[in-house]
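Quick note: residue numbers are just sequence positions, from 1. A quick note: this is a predicted structure, and the numbers were derived from the prediction, not measured.
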Amino acid sequence: MIKTYSILLIALVSGGYFLSGCKSKTSGTTVITRPVIASQTDYGGFPTQVKWGEHLVTILGCNDCHTPKKMTAEGPVLDSSLLLSGHSGQMPVVQVDRVQAQKNGMVATNDLTSWVGPWGISYAANLTSDPTGLGNWTADRFMLAMRKGAFMGMPNTRTILPPMPWQDFAAMTDGELKAIFAYLESTRPVHNNVLAADPPAGMH
């Protein structure tokens, strides 16, 4: 019996000691403090939606086709002054044997902003916030383009041409696509009217 009382006494003393370490005096009132849990966001671990979108655009390789390049001794590098502005409307149409390209696969210009294949010639779109890019778009238009491959994000239009992998983008979450659009809306506007796609050779 004495042993049982001793165990209870030790338990009470230990519990009191533990609680005393979690209390603080504030204006004569005893307050039990609790650990602060960091707030969670829906931005993939980034502080803002725009930063998350910038990260996604980078790792998805959007600049590979949508940003013009400068040729250097080490090969092509991104032209940061024309970031995501697409194929330059001032560049001449690529000169290749289109019949062979359509038959054998596809070819691309050295800056990867225009491609020739069985579908004809496609030009990387201007994705900047300029009206010649996505400046007049809404998030709904962007979602339609990425989910359904709708050209210009409009219903009842043709499908976006290769090599744009919109089928892969369609698998992204709404949050990811909205973050990408938020980032593209924040980009520096670059005025650039990209050429319209050209149909396959022999179909003019």
Chemist: Contact between T113 and S88 at the side-chain level, heavy atoms closer than 4.5 Å - yes or no?
Modeler: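 No, their side chains stay 4.5 Å or more apart.
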Chemist: Group every Ile, Leu, Val, Met, Phe, Trp and Tyr by side-chain heavy-atom contacts under 4.5 Å, then state whether I180 and L78 land in the same group.
Modeler: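 Per the 4.5 Å side-chain linkage, I180 and L78 are not co-clustered.
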Chemist: Could I get the full list of salt bridge (Lys or Arg N to Asp or Glu O under 4.0 Å) partners for D174, not counting sequence neighbours?
Modeler: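 So D174 forms a salt bridge (Lys or Arg N to Asp or Glu O under 4.0 Å) with R147.
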Chemist: Does atom NZ of K178 have more than 12 heavy-atom neighbours from other groups under 6.0 Å away?
Modeler: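 No.
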Chemist: Determine whether N136 and P131 make a side-chain contact, defined as any pair of heavy atoms from C-beta on separated by less than 4.5 Å.
Modeler: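 Sidechains of P131 and N136: in contact.
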Chemist: Heavy atoms only: give me the nearest Y123-L195 pair and the separation to one decimal.
Modeler: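 Smallest interatomic distance, heavy atoms only, reads CD1-O, 3.6 Å.
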Chemist: Any sub-3.5 Å donor-acceptor pair from N192's side-chain atoms to G89's backbone N or O?
Modeler: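 Confirmed, N192 side chain pairs with G89 backbone.
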Chemist: Check for me, please, whether Y43 and M172 land in the same ILVMFWY cluster - side-chain distances under 4.5 Å, paths through other members count.
Modeler: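 Y43 and M172: one cluster.
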Chemist: Calculate, to the nearest 0.5 Å, the distance between atoms NE2 and OG1 belonging to H87 and T109 respectively.
Modeler: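 Output value for this atom pair is 6.5 Å.
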Chemist: Can you list everything that forms a side-chain contact (heavy atoms from CB on, under 4.5 Å) with P162? Sequence neighbours excluded, please.
Modeler: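 So P162 forms a side-chain contact (heavy atoms from CB on, under 4.5 Å) with W119.
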Chemist: Which atoms form the tightest heavy-atom contact between E185 and S129, and what is the distance?
Modeler: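 Smallest heavy-atom distance, with atoms named: O-CB, 3.4 Å.
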Chemist: State which residues pass ring pair (Phe, Tyr, Trp, His ring centres under 6.0 Å) with F151; sequence neighbours excluded, sorted by chain then number.
Modeler: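 Residues passing ring pair (Phe, Tyr, Trp, His ring centres under 6.0 Å) with F151: none at all.
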Chemist: Please round to the nearest 0.5 Å and tell me the distance separating atom CG of D198 and atom OG of S114.
Modeler: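 Going from CG on D198 over to OG on S114, the span is 11.0 Å.
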Chemist: Side-chain donor-acceptor pair under 3.5 Å between T138 and D140, yes or no?
Modeler: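 There is no such pair between these side chains.
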Chemist: Among residues two or more places apart or on two chains, list those pairs meeting salt bridge (charged side-chain N to carboxylate O under 4.0 Å, His left out) that have a residue in residues 148-172.
Modeler: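 Found none.
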Chemist: Minimum heavy-atom separation for G153 to A145, with atom names?
Modeler: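 Smallest interatomic distance, heavy atoms only, reads CA-CB, 3.9 Å.
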Chemist: About how many Å separate OG1 of T48 and OH of Y183, when rounded to the nearest 0.5 Å?
Modeler: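 Rounded to the nearest 0.5 Å, the OH-OG1 separation comes out at 11.5 Å.
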Chemist: If we only count heavy atoms from C-beta on, is the K69 to L112 side-chain gap below 4.5 Å?
Modeler: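 When only atoms from C-beta onward are counted, L112 and K69 do touch, with a gap below 4.5 Å.
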Chemist: So which heavy atom on P200 is nearest to which on P118, and how close?
Modeler: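 Of all heavy-atom pairs spanning P200 and P118, the closest is CG-O, 3.3 Å.
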Chemist: CZ of R141 to CG of L134: how many Å apart, nearest 0.5 Å?
Modeler: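 Nearest 0.5 Å value for the CZ-CG distance: 8.5 Å.
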Chemist: Can you tell me how far CD1 of I160 sits from CD of Q167, rounded to the nearest 0.5 angstrom?
Modeler: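 The distance works out to 9.0 Å.
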Chemist: What's in the same ILVMFWY side-chain cluster as L82, cut-off under 4.5 Å, chained through other members?
Modeler: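 Same cluster as L82: V190.
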Chemist: Would M91 and L161 show up in the same hydrophobic cluster when neighbours are defined by side-chain heavy atoms closer than 4.5 Å?
Modeler: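 No, M91 does not connect to L161 through the hydrophobic network.
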Chemist: Supply the atom-to-atom distance C62 SG to L184 CG, rounded to the nearest 0.5 angstrom.
Modeler: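 Taking SG in C62 and CG in L184, the distance rounds to 7.5 Å.
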Chemist: Restricting to pairs with a member in residues 53-65, which pass salt bridge (charged side-chain N to carboxylate O under 4.0 Å, His left out), not counting sequence neighbours?
Modeler: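 Applying salt bridge (charged side-chain N to carboxylate O under 4.0 Å, His left out) to every pair that reaches into residues 53-65, excluding sequence neighbours, yields K51-E54.
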Chemist: What are the two closest heavy atoms between A182 and V50, and how far apart are they?
Modeler: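 Residues A182 and V50, closest heavy atoms: O-CG2, 3.9 Å.
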Chemist: Examine distances only and state if a side-chain atom of T187 and a backbone atom of T128 form a donor-acceptor pair shorter than 3.5 Å.
Modeler: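 Such a contact is absent between T187 side chain and T128 backbone.
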Chemist: Side chain to side chain contact (heavy atoms under 4.5 Å, CB included) for L83 and R188? Distances and angles first, verdict last.
Modeler: CA-CA 8 Å; L83 201 69; R188 186 177 68 84; over 6 Å; no
Chemist: Please find the pair of heavy atoms, one from F181 and one from W137, that lie closest to each other, and give the distance.
Modeler: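 Looks like CZ-O, 3.7 Å.
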Chemist: Following the transitive rule for hydrophobic clusters with a side-chain heavy-atom cut-off under 4.5 Å over Ile, Leu, Val, Met, Phe, Trp and Tyr, establish whether M154 and L177 coincide in one cluster.
Modeler: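 In one cluster: yes.
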Chemist: Let me check something: do M152 and M146 share a hydrophobic cluster, defined by ILVMFWY side-chain heavy atoms less than 4.5 Å apart, either directly or through other members?
Modeler: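 Looking at the clustering, M146 is in the same group as M152.
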